[in-house]
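Worksheet: the structure to be examined is printed underneath.
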Amino acid sequence: MTEATIPAQAAPSAAESGPMVRAENVHKSFGHLEVLRGVDLEVRAGEVCCVLGPSGSGKSTFLRCINHLEKINAGRIWVDGELVGYRERGGKLYELREKEVVAQRRSIGMVFQRFNLFPHMTALENVIEAPLRVRREPAAVARQRGIELLDRVGLASKLNAYPGQLSGGQQQRVAIARALAMQPKVMLFDEPTSALDPELVGEVLDVMKDLARDGMTMIVVTHEIGFAREVGDSLVFMDGGVVVESGPPREVIANPRHERTQAFLAKVL
Amino acid sequence: MTAEKTATERARPEPIKAVPVRHPGRWVTVAVLAVLAAMFLHVLLTNDAFQWSFMIDHMFRPPIIDGLVRGTVLMTISAMLIGVALGVVVAVMRLSPNPILRGVAWLYTWFFRAVPRLVLLAVFGNIGILWSRIEFGVPFDTHLGRLFGIDNLELRLFGFDSRDLLTGFMAGLLGLALSEAAYMAEIVRAGIQSVDPGQTEAAGALGMTRGQTLRRVVLPQAMRVIIPPTGNETIAMLKDTSLLMYVPVSMELFFQLDAVGKRTFQIFPMYVAACLWYLLLTSVLLVGQYFLERHYGKGYGRSERARFRLRNVTAESGGAPGGTETAR
């Protein structure tokens, strides 16, 4: 990652009314494979943005770029007006130190397809780990909030269960509670229901709907068209590393304009 | 539907009483082994060269017990403690994004794994030849002094005679611990790499630093992979303390048994005594290893899964306490 590959641009003002997440011409390659080829996206505070697209279209990679789990090769991403992963001074970009990157991630929650709960910790320990170690909350406060969060996702009776003793749906709900414990400004969901048995998908989507109602800003990579239509404020269709089409979910799903969107929806609907 | 009904209504058939498969080969094996065991026992009891009474009389003498406790056991514990601690450090360095640390770690493991332990111990036992005193202070001080026209500039904080420090126990400990660290580094590295990368990602996404992630998330999970080979390493280390004879370290089990044998011209009985002592000690370690592995297999092992299955059964028959919760 060199400075030269990122075109120098004037930093936009982080106006309060500005978008919560803004991506501008984001490029990402793995070796010779160009996964993202200029992605633009704006998500306002409190908005639920659903990202659809065939596998290999770069949806998950884009999501992982937002919290800097992947370094982008070109373009810019801002979360709440703050440039992700870099500092811009005098038209030059400086990579952030590990501590600064980690500090940025605290306000960005992420839920993974494979849950990624810590298997050696109980549900409650999973939830309070980051508040205790990262935010340095007092143990009693963290514990109290942890119990409240697990109660909110409907798992008050599973506080002391280990992930291996929970169903996939329960694990994913613990993972959501764990991300919420850091009081993030944005929640990123990377195909949160794709690894679940069909009968367990509903319970996770219910928790996410509940979150959306509470005004959480969410970016959801998903294959659940129903969820996108019902809960999403905007829908983005990605293919081949670019945003092919975007708009209000009902409109895009009912009358897709681009032929690739049409082809995709014809297959999944 | 009707087929199911008749199936449940039908009476349970009488249990199968079949002639089990015969295993004549097993009986032959048992017979052969019995003959071999009898021959072995016969040698043990009738061959005078064993000198059993002499062996038992001498294998519990104070110098030998002293060598056992202060040499073999204490050395094993100290060398493993240092070896594991240093091994973790080297493994973390080896996996660091910093190329300098990676290089140093590679060089370390390369050297200490390439030189045989016996040779390494002999070298460390004689390393006092290089320096008569070991002192800490500004490096190259006399050379620097000469550069500025000062003769015999000595900027040293403290030091000690290498004969006090680098002989016997300390030299042996240094040799064993440093070589062990190289092997442990490889074991720890394999353990760390066995942990799902998703774990590191999840910890990173939560805002945990690399150090926190390593300590709180990765290492505890790596333990399950690290512990069994570490048990083997401890057992190997216990046996390798017999190599201390070449440092030499006199306060050690095999050295003492060997000394008795040579003094009394009854070498063979004392070597048999050594076999028995090492058998006993490693057996104790094997028991410890069993319990340690059971502890760190927590949440993964068979026993845990069985217990969980049992809990599900009771929940199903007695009504799930979680209400609408779906248990797998």
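Per chain, numbering begins at 1; letters A, B, ... match sequence-line order.
Here Thr209(B) contributes atom OG1 and Lys99(A) contributes atom NZ; the two are 8.0 Å apart, rounded to the nearest 0.5 Å. Atom CG of residue Asp196(B) and atom CZ of residue Phe118(A) lie 11.0 Å apart, to the nearest 0.5 angstrom.
Residues Val102(A) and Met208(B) are not in side-chain contact: their nearest non-hydrogen atoms beyond the backbone lie 4.5 Å or more apart. At least one side-chain heavy atom of Pro119(A) sits less than 4.5 Å from a side-chain heavy atom of Gln199(B).
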| task | Before giving the answer on side-chain contact (heavy atoms from CB on, under 4.5 Å), spell out for Leu206(B) and Arg105(A) the whole-Å C-alpha distance, their side-chain angles and the decisive distance to 0.1 Å. | result | CA-CA 7 Å; Leu206(B) 284 169; Arg105(A) 287 191 186 141; over 6 Å; no

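Residue pairs that meet the side chain to side chain donor-acceptor pair (under 3.5 Å) test with at least one member in residues 69-93 of chain B, sequence neighbours left out, are Asp66(B)-Arg70(B). For residues 122-131 of chain A, the pairs satisfying salt bridge (charged side-chain N to carboxylate O under 4.0 Å, His left out) are Glu129(A)-Arg133(A), Glu129(A)-Arg216(B), with sequence neighbours left out.
Annotation: residues 91-104 of chain B contacts chain A through no residue [non-hydrogen atoms, separation under 4.5 Å]. Using a 4.5 Å heavy-atom cut-off against chain B, the contacting residues of residues 58-67 of chain A are Arg64(A), Asn67(A).
The part of Gln212(B) that comes within reach of chain A is its side chain, from C-beta onward, which places non-hydrogen atoms under 4.5 angstrom from that chain. Residue Leu188(A): no heavy atom, backbone or side chain, is found under 4.5 Å from chain B. Heavy atoms of Leu69(A) lying under 4.5 Å from chain B belong exclusively to its side chain.
Using modelled atom types, one side-chain atom of Asn116(A) and one backbone atom of Gly198(B) make a donor-acceptor pair closer than 3.5 Å.
Shown here is Arg143(A), whose CZ atom has no more than 12 heavy atoms of other residues, nucleotides or ligands within 6.0 Å. For Arg114(A), the CZ atom counts as loosely surrounded, since its 6.0 Å shell holds 12 or fewer non-hydrogen atoms of other residues, nucleotides or ligands. Counting heavy atoms of neighbouring residues, nucleotides and ligands inside a 6.0 Å radius, atom CZ of Phe140(B) does not exceed 12 of them.
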